[in-house]
Amino acid sequence: MFSSIEFDNFAIHIIDQLKLPNELVYIDIASIQDAWLAINRMNIRGAPALASLATLSIAQKLHNTEYSSTDNLLSDVNDACDYLYTARPTAVNLGVALDQVRQAAKTADKQAIIDQAILVWSEDVSRNKRMSDNGANWLIDELEKKGKIEKGGKISILTVCNTGSLATSGYGTAFGMITRLHELGRLERAYYAATTPYYQGTRLTAFEFVQLSIPSCLVCDTAIGSLISSGTVQAVTVGADRIALNGDTANKIGTMQAALFANAYDIPFTVVAPRASVDRNLQNGQSIPIEQRPAKEAVTVRGVEVDRNTLASVRLAPKEIGNDPLHTVYNPGFDVTPARLISAVVLETGVAVARNNSSDIDVSSLL
Ligand code: MRU
């Protein structure tokens, strides 16, 4: 299993996801600013992965610095947390992980802070395996119980964006659930949305399915309604960037339309994520900050191969689009799926579903 982040004796290397799938290149992260830039420019992306990189960069900084006083140590930790928090706005995992580091800083013990910072990364894979197992078992039970598959039958499932080893420290969340179904011999085929305009599906999820030899099928975002209405998939599973306490979930743009179709055609829609994706301060999803991406990403196709060593962006839209106030671009990076469209929120601690005809899902029961 490969991982988006390699951490060895305080050396940090990340896969440059901007170059995938054409090249598998690693970038050296040698400072907190390197980590901020890698997150902000999306050399690394995916909520758990960016939280891990942020805290590992703090561990690295502390390890490499001799502090003359506790005040200096604590002020460095605080500054680093404040700065890294600004790298990207929607995924709450970053804020949760940095808060854990701030908590550890209350001990004023450098080693305790380093240990906590490393824990965010090192615990990720086992956490992902637990939630993936929870999700796979819940879905199998649900589909068998409702007679949507035969006992022991296989499942075809749709996912959005990339939630695999590239988006985490390994195994993945919604992607992990698909991997688990495959390991259990219960996966027919995984369908994944291209996820325009950044193409996390076409570039990254595709790459991971090839690496793992999991049967897969690329679906254009515009074909999701067609796919679900055809009855080809029996379920949808996605990751999360921020889950409110009532189950409302922010995830990659396009997630909500998959949920609407799943709901219309009565197939389960699951959200699979770590507890760190839950925003304990949010009752519902209305005030989740949504990152607006640059118009450039919507009017160009990136990564077109010019020759073996060169990738270029090709402009699809007329040059006025995004450059002229008369012709603007709407390009949010995420949308918020209301809890009423979600069948189950799956965390490493268990599965929460709506109860008593409520349209909300009580996620706090799993925290
Ligand atoms: O903009 P990205 O690529 O960072 O968005 C990623 C997603 O929306 C993922 O679905 C989410 O972070 C969960 S990753 C396990």
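It should be emphasised that the depicted structure is a prediction, and the values quoted were computed from it without experimental measurement. In listed order, ligands and their atoms are each counted from 1.
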- Taking it one step at a time, do Arg102 and Asp82 satisfy salt bridge (charged side-chain N to carboxylate O under 4.0 Å, His left out)? CA-CA 10 Å; Arg102 284 187 213 269; Asp82 287 349; 2.8 Å; yes
- Would you please say whether a donor-acceptor pair under 3.5 Å links the side chains of Trp36 and Ser31? no
- Item | Atoms in ligand 1 with a heavy atom of Met42 nearer than 4.0 Å | 1 (O), 3 (O)
- Message: I need the atoms of ligand 1 closer than 4.0 Å to a non-hydrogen atom of Gln200, numbered in the order shown.
- Response: 1 (O), 2 (P), 3 (O)
- In Å and rounded to the nearest 0.5 Å, what is the CG to CG distance from Asn134 to Leu347? 8.5 Å
- Task: Closest by any non-hydrogen atom to atom 14 (S) of ligand 1: pick that one out of Ala167, Gly333, Ala273, Gly254.
- Result: Ala167
- Task: Answer with side chain, backbone, both or neither: which part of Lys252 has a heavy atom less than 4.0 angstrom from an atom of ligand 1?
- Result: both
- One finds that the ligand 1 atoms under 4.0 Å from a non-hydrogen atom of Thr173 are 15 (C)
- Query: Is there a heavy atom of Ala240 sitting under 4.0 angstrom from any atom of ligand 1?
  - Reply: yes
- Message: Can you confirm whether more than 12 heavy atoms, excluding those of Tyr85, are under 6.0 Å from its OH atom?
- Response: no
- For ligand 1, is any non-hydrogen atom under 4.0 Å from Pro48's backbone (N, CA, C, O), its side chain (CB onward), both, or neither? side chain
- If you count the non-hydrogen atoms of other residues, nucleotides and ligands that lie under 6.0 Å from CD in Glu183, is the total more than 12? yes
- Message: For the 3.5 Å polar cut-off, considering only N or O atoms, please tell me whether Ala47 and ligand 1 meet it.
- Response: yes
- Message: If I apply the N/O under 3.5 Å rule, does Asn251 come out as touching ligand 1?
- Response: yes
- Message: Which of the numbered atoms in ligand 1 are under 4.0 angstrom from any heavy atom belonging to Phe334?
- Response: 1 (O), 5 (O), 8 (O)
- Query: Between Phe175 and ligand 1, which residue portion shows a heavy-atom distance shorter than 4.0 Å: side chain, backbone, both, or neither?
  - Reply: neither
- Does CZ in Arg41 sit with more than 12 non-hydrogen atoms of other residues, nucleotides or ligands closer than 6.0 Å? no
- Query: For ligand 1, which part of Cys161 has a heavy atom less than 4.0 Å away: the side chain, the backbone, both, or neither?
  - Reply: side chain
- Query: Relative to the ring of Tyr192, is the ring of Phe209 parallel (under 30°), tilted (30 to 60°) or perpendicular (over 60°)?
  - Reply: tilted
- Between the side chains of Asn263 and Arg340, is a donor N or O closer than 3.5 angstrom to an acceptor N or O? no
- Query: When you measure from atom 11 (C) of ligand 1 to every protein heavy atom, which one gives the shortest distance, and what is it?
  - Reply: Asp241 OD1, 3.2 Å
- Quick one: do Glu144 and Arg186 satisfy salt bridge (charged side-chain N to carboxylate O under 4.0 Å, His left out)? Show the steps, please. CA-CA 12 Å; Glu144 286 187 349; Arg186 303 299 296 268; 2.7 Å; yes
- Query: Below 4.0 Å from any atom of ligand 1, is there a heavy atom belonging to Arg88?
  - Reply: yes
- Message: Using a plain distance cutoff, I'd like to know if Asn162 has any nitrogen or oxygen under 3.5 Å from a nitrogen or oxygen of ligand 1.
- Response: no
- Message: Thr168 versus ligand 1: do any nitrogen or oxygen atoms come within less than 3.5 Å of each other?
- Response: no
- Message: Among Ile214, Thr163, Asn162, exactly one meets side-chain contact (heavy atoms from CB on, under 4.5 Å) together with Glu208. Which residue is that?
- Response: Asn162
